[in-house]
Amino acid sequence: MTKDDIANALDEIGTLLALKGENDFKCRAYHAASRTISQLEEDVNKLIAAKRLGSVRGIGEALVEKITTLATTGKLPYLEELRASIPPGLFDILRLPGVGPKKVKALHDALGIDSLAKLKTACEAGEVAKLKGFGEKTAEKMLAGINFLDTVGNRVRFDKGFALGEQLLDRIRTFPGVIRAELCGSLRRRRDTVKDIDIVVSTEPANAAAIMEAFVKLPEVMQVIGQGPTKSSIVAELSLGQSKVVLNADLRVVTDEQFPVAVLHFTGSKEHNIRLRQRAIERGYSLNEYALTGGPKSFADEAAIYKALDLVWVPPELREDTGEIEAAEKNELPELVEVKDIRGVFHNHTTESDGTATLEEMAAAAQELGLEYLGIADHSLSLTIANGLSPTRVKRQWAAIDTLNKKLKGLTIFKGSEVDILEDGSLDFNDELLAGFDYVVASVHTLFALSEEAQTARVCKALSHPAVTMLGHATGRLLLRREGYKLDLDKVLEAAAAHGKMIEINAQPDRLDLDWKYVKRAKALGIPLVINPDAHSTDGLALYPYGVNVARRGWLTKAEVFNTRSAAEVTKELVRRKSVS
DNA sequence: GCCGTTTTCGGCCCGACTGTTTTCAGTCG
């Protein structure tokens with residue numbers, strides 16, 4: 001059982017208990033434990049073996065027992081009994097906006113509703129509106145929710161959400177009376193996917209109503225969910241080329257004095273905020289979205305609020321309650337890597353395999369971006385679907401790179417390959433050819449359906465090969481579209497650490513693979529990370545900042561990201577690695 | 001369910017908005 005499996009089980013228990021009408025704090029304890037387990041940097045089995053699981057914050061006697069049972073037997077009778085007592089269709093109903101566990105339970109208890117289909121029928125028959133605590137509007141909203149379930153309320157990729165958020169923000173900043181406006185929430189925290197857009201604006205109170213009116217009438221508005229004097233919610237849409245992005249967007253209006261506190265509050269995460277409020281209470285204050293009651297009256301910026309709570313300013317990407325409060329207390333937060341620190345990238349394709357730009361065009365684009373070096377890593381022989389290179393074509397490409405390197409000023413091209421990891425964990429080129437590359441990115445592109453055990457062994461074996469420099473897109477996931485292949489990532493990270501390999505943070509917005517939680521674990525194991533755009537075009541090269549977001553969420557400093565080094569340092573290190581292999 | 005320098009019970013972050021009520025529960029973030 002992986003951490004994620006255990007975390008999913010605990011999360012499910014929390015939801016099942018809520019649907020049964022259990023004490024909300026008990027449910028929250030399970031959800032909190034789920035988060036804690038999924039973000040654990042240590043191996044959960046080691047914690048169990050060392051009898052240290054109970055010392056983890058939020059995990060007490062009862063949870064130690066359940067987690068131990070899960071981890072050692074792969075099953076949990078308690079969860080199975082809960083599942084048997086709750087119809088699975090209730091989870092679907094729970095997804096409707098404005099419908100929580102209490103309403104789901106009431107519908108089930110009173111009308112026996114256990115599926116969206118039955119709920120729809122009951123709403124249309126007027127049965128739901130007659131229930132105590134329900135009414136016509138509730139029934140209408142549920143019907144609307146059922147119809148919109150496919151488009152609204154779903155998470156979207158960060159880059160798409162950010163595009164819509166920035167567009168709304170730009171428009172809001174032009175409203176009369178707006179003093180300051182910021183994107184908050186998960187967009188500001190740079191999460192890989194987002195569920196909504198949070199925007200905070202400051203103004204004189206007299207302008208608030210007019211700003212709300214203008215907001216709900218923006219051209220992007222599909223639907224107005226709510227409109228009050230200080231808060232309005234809409235469903236907004238934006239066309240992005242072929243695709244369309246639809247998201248909820250909330251706007252909060254505050255005075256300019258309240259602005260820094262409001263931005264802090266709406267940046268979240270919820271868990272980070274809870275810790276800050278507890279800290280405020282310990283100091284005799286009370287923190288809400290408007291002020292730190294009992295403390296300083298006004299704040300120049302967020303840092304001043306943190307200071308009042310005896311903390312240094314925490315970068316938004318770290319605000320997940322995964323140790324940042326403790327680190328901020330001791331002034332031990334890392335100095336996070338920045339986009340400007342990236343001096344080159346390694347995993348990129350050309351027209352030789354499945355890219356759309358030639359070697360020369362890619363080089364020109366890299367120079368345009370101000371990069372010092374560009375690694376070319378086209379696909380290897382067996383990946384015929386991507387026009388993988390034969391050894392002959394590889395050698396021809398090397399000659400082309402040598403020629404280009406003589407001509408170029410200020411840009412070094414490195415000779416790499418994205419070599420397929422074959423089924424048995426061996427590599428798709430022979431050792432002699434592999435030795436001729438400056439570096440090798442090893443990736444899985446086939447046989448996604450192998451068992452976890454086989455897949456893990458396959459990747460770990462590849463990592464033991466002396467020619468391999470780094471592991472490409474570790475899990476093969478496509479955000480919101482495809483799960484990664486089954487893999488014990490903790491074992492993979494340990495193998496990478498043992499063999500001194502690097503791991504890529506694939507910056508493609510639909511991959512962002514390695515996930516930030518594992519980036520943190522890789523950091524703890526001392527594994528160097530490399531931010532790669534996996535570019536298949538000149539435009540694709542410019543995607544690496546999305547990988548920087550992941551690196552920052554994984555607490556990485558400049559020194560922990562290999563491609564922040566200069567071309568000369570990179571050359572030296574790649575040569576050194578080849579000499580020891 | 002967890003937790004403890006107001007310790008083994010009684011708390012558990014805080015507020016806006018909606019729809020149902022007639023003072024509030026539920027949901028959301």
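All heavy atoms count here, side chains included; hydrogens, waters and symmetry mates do not. Lettering follows sequence order; numbering is per chain, from 1.
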**Student:** Would you mind telling me which of B:dG29, B:dG1, B:dT27 lies closest to the side-chain atoms of A:F25?
**Tutor:** B:dG1

**Student:** If you round to the nearest 0.5 Å, how far is CD1 of A:I59 from CD1 of A:I67?
**Tutor:**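 Reported value, rounded in 0.5 Å steps: 4.0 Å.
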
**Student:** Heavy-atom nearest nucleotide on DNA chain B for A:L131 versus A:T230: which residue maps closer to 5'?
**Tutor:** A:T230

**Student:** Taking atom P of B:dC2 as reference, at what distance in whole Å does atom CG of A:D24 sit?
**Tutor:**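 Checked: the CG to P distance equals 16 Å.
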
**Student:** Between P on B:dG26 and CG on A:L96, what's the gap in Å once rounded to a whole number?
**Tutor:** 18 Å

**Student:** Select one nucleotide: of B:dG1, B:dT27, B:dG29, the one nearest the side-chain heavy atoms of A:D198.
**Tutor:** B:dG29

**Student:** So how far is it from A:E182 CD to A:S202 OG, rounded to the nearest 0.5 Å?
**Tutor:** 9.5 Å

**Student:** With a 4.0 Å limit, can you tell me whether A:Y30 has a side-chain N or O closer than that to the phosphate oxygens OP1/OP2 of B:dC2?
**Tutor:**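 Indeed not, no polar side-chain atom of A:Y30 lies that close.
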
**Student:** Between A:T322 and A:K517, is the side-chain contact (heavy atoms from CB on, under 4.5 Å) condition met? List the steps.
**Tutor:** CA-CA 10 Å; A:T322 57; A:K517 289 173 194 163; over 6 Å; no

**Student:** Write down the distance separating the C1' atoms in B:dC12 and B:dC17, rounded off to the nearest Å.
**Tutor:**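 About 24 Å, rounded to a whole number of Å.
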
**Student:** Rounded to whole angstroms, how far apart are NZ on A:K20 and P on B:dG1?
**Tutor:** 13 Å

**Student:** Expressed in angstrom and rounded to an integer, what is the separation of A:E65 atom CD from B:dG1 atom C1'?
**Tutor:**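 After rounding, the reported distance stands at 13 Å.
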
**Student:** What's A:R57 touching, base or sugar-phosphate or nothing? Going by heavy atoms closer than 4.0 Å.
**Tutor:** sugar-phosphate

**Student:** Hey, is the side chain of A:K270 poking within less than 4.0 Å of OP1 or OP2 on B:dC28, counting only N and O atoms?
**Tutor:**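 No, outside the criterion.
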
**Student:** Nearest 0.5 angstrom please: A:L164 CG to A:L240 CG, how far?
**Tutor:** 8.0 Å

**Student:** In whole Å, what separates the P atom of B:dC3 from that of B:dT8?
**Tutor:** 16 Å

**Student:** For B:dC28 and B:dT23, measure between their P atoms and round to the nearest Å.
**Tutor:**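 After rounding to an integer number of Å, I get 26 Å for this pair.
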
**Student:** Could you check which of B:dC14, B:dG29, B:dG1 has an atom nearest any side-chain atom of A:A62?
**Tutor:**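 For A:A62, the side-chain atoms sit closest to B:dG1.
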
**Student:** Take the protein atom NZ of A:K132 and the nucleotide atom P of B:dC24, then report the distance between them rounded to whole Å.
**Tutor:** 14 Å

**Student:** Applying salt bridge (charged side-chain N to carboxylate O under 4.0 Å, His left out), run through A:R552 and A:E317 and close with a yes or a no.
**Tutor:** CA-CA 6 Å; A:R552 289 172 63 85; A:E317 294 93 334; 2.7 Å; yes

**Student:** Identify which nucleotide among B:dG29, B:dC14, B:dC12 has an atom closest to any side-chain atom of A:I281, counting heavy atoms from C-beta outward.
**Tutor:** B:dC14

**Student:** Under 4.0 Å between a side-chain N or O of A:S232 and OP1 or OP2 of B:dA16?
**Tutor:** no

**Student:** Which listed nucleotide (B:dG19, B:dG15, B:dG1) is nearest to the side chain of A:N288?
**Tutor:**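 Minimum distance to the A:N288 side chain belongs to B:dG15.
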
**Student:** Identify, between A:A139 and A:L287, the residue whose nearest nucleotide on DNA chain B lies closer to the 5' end.
**Tutor:** A:L287

**Student:** CD of A:E282 versus P of B:dG4: gap in Å, rounded?
**Tutor:**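 Taking CD of A:E282 and P of B:dG4, I get 11 Å after rounding.
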
**Student:** Scan every strand shown for a Watson-Crick or G-U wobble partner of B:dT8, both distances under 3.5 Å, and answer none if you come up empty.
**Tutor:**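 Looking at the geometry, B:dT8 pairs with no nucleotide.
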
**Student:** Rounding to the closest angstrom, what is the interatomic distance between B:dT20 and B:dG26 at atom P?
**Tutor:**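 It works out to 14 Å between them.
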
**Student:** Measure from CD on A:Q278 to P on B:dC14 and round the result to the nearest Å.
**Tutor:** 9 Å

**Student:** Check this one for me: any side-chain N or O of A:K26 less than 4.0 Å away from OP1 or OP2 of B:dG1?
**Tutor:**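 Yes, such a contact exists.
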
**Student:** With a cut-off of less than 4.0 Å, is there a side-chain N or O of A:K141 near OP1 or OP2 of B:dG19?
**Tutor:** yes

**Student:** Tell me if the CD atom of A:E80 is crowded by more than 12 foreign heavy atoms within 6.0 Å.
**Tutor:**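 Above 12, so yes.
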
**Student:** Any side-chain N or O of A:T138 less than 4.0 Å from the OP1 or OP2 oxygen of B:dT20?
**Tutor:**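 Answer is yes, contact under 4.0 Å.
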
**Student:** In terms of side-chain heavy atoms of A:K195, which of B:dG29, B:dG15, B:dT27 is nearest?
**Tutor:** B:dG29

**Student:** Measure from the side-chain heavy atoms of A:Y290 and tell me the nearest of B:dC17, B:dA16, B:dG1.
**Tutor:** B:dA16

**Student:** Tell me whether the guanidinium CZ or amine NZ of A:R521 lies under 6.0 angstrom from the six-membered ring centre of A:Y518 and within 45° of its axis.
**Tutor:** yes

**Student:** Within this structure, what is the CD-to-C1' distance between A:E61 and B:dC3, rounded to whole angstrom?
**Tutor:**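 Computing the A:E61:CD to B:dC3:C1' distance gives 13 Å.
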
**Student:** With rounding to whole Å, what would you report as the distance between B:dT18 and B:dG11 at their P atoms?
**Tutor:**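 Per the computed distance, 32 Å lies between those P atoms.
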
**Student:** Start with the C-alpha gap between A:D192 and A:R157, add the side-chain angles, then the distance that decides, and say whether salt bridge (charged side-chain N to carboxylate O under 4.0 Å, His left out) holds.
**Tutor:** CA-CA 6 Å; A:D192 47 24; A:R157 264 163 42 181; over 6 Å; no

**Student:** Under 4.0 Å, counting only non-hydrogen atoms across every strand here, what does A:K66 touch: a base, just sugar-phosphate, or nothing?
**Tutor:** sugar-phosphate

**Student:** So A:I59, base contact, sugar-phosphate only, or nothing? Heavy-atom distance under 4.0 Å.
**Tutor:**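 Answer is sugar-phosphate: A:I59 comes under 4.0 Å of backbone atoms only.
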
**Student:** Quantified in whole Å, what is the P atom distance between nucleotide B:dG15 and nucleotide B:dG10?
**Tutor:**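 Those two atoms are separated by 25 Å.
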
**Student:** Quantified in whole Å, what is the C1' atom distance between nucleotide B:dC14 and nucleotide B:dC9?
**Tutor:** 24 Å

**Student:** Please work out whether B:dT6 sits syn or anti, treating a glycosidic angle within 90° of 0 as syn.
**Tutor:**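 It is anti.
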
**Student:** Under 4.0 Å between any heavy atoms, over every strand shown, what does A:F266 touch: base, sugar-phosphate, or nothing? Just pick one.
**Tutor:**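 If one applies the 4.0 Å heavy-atom cut-off, A:F266 turns out to touch nothing in the nucleic acid.
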
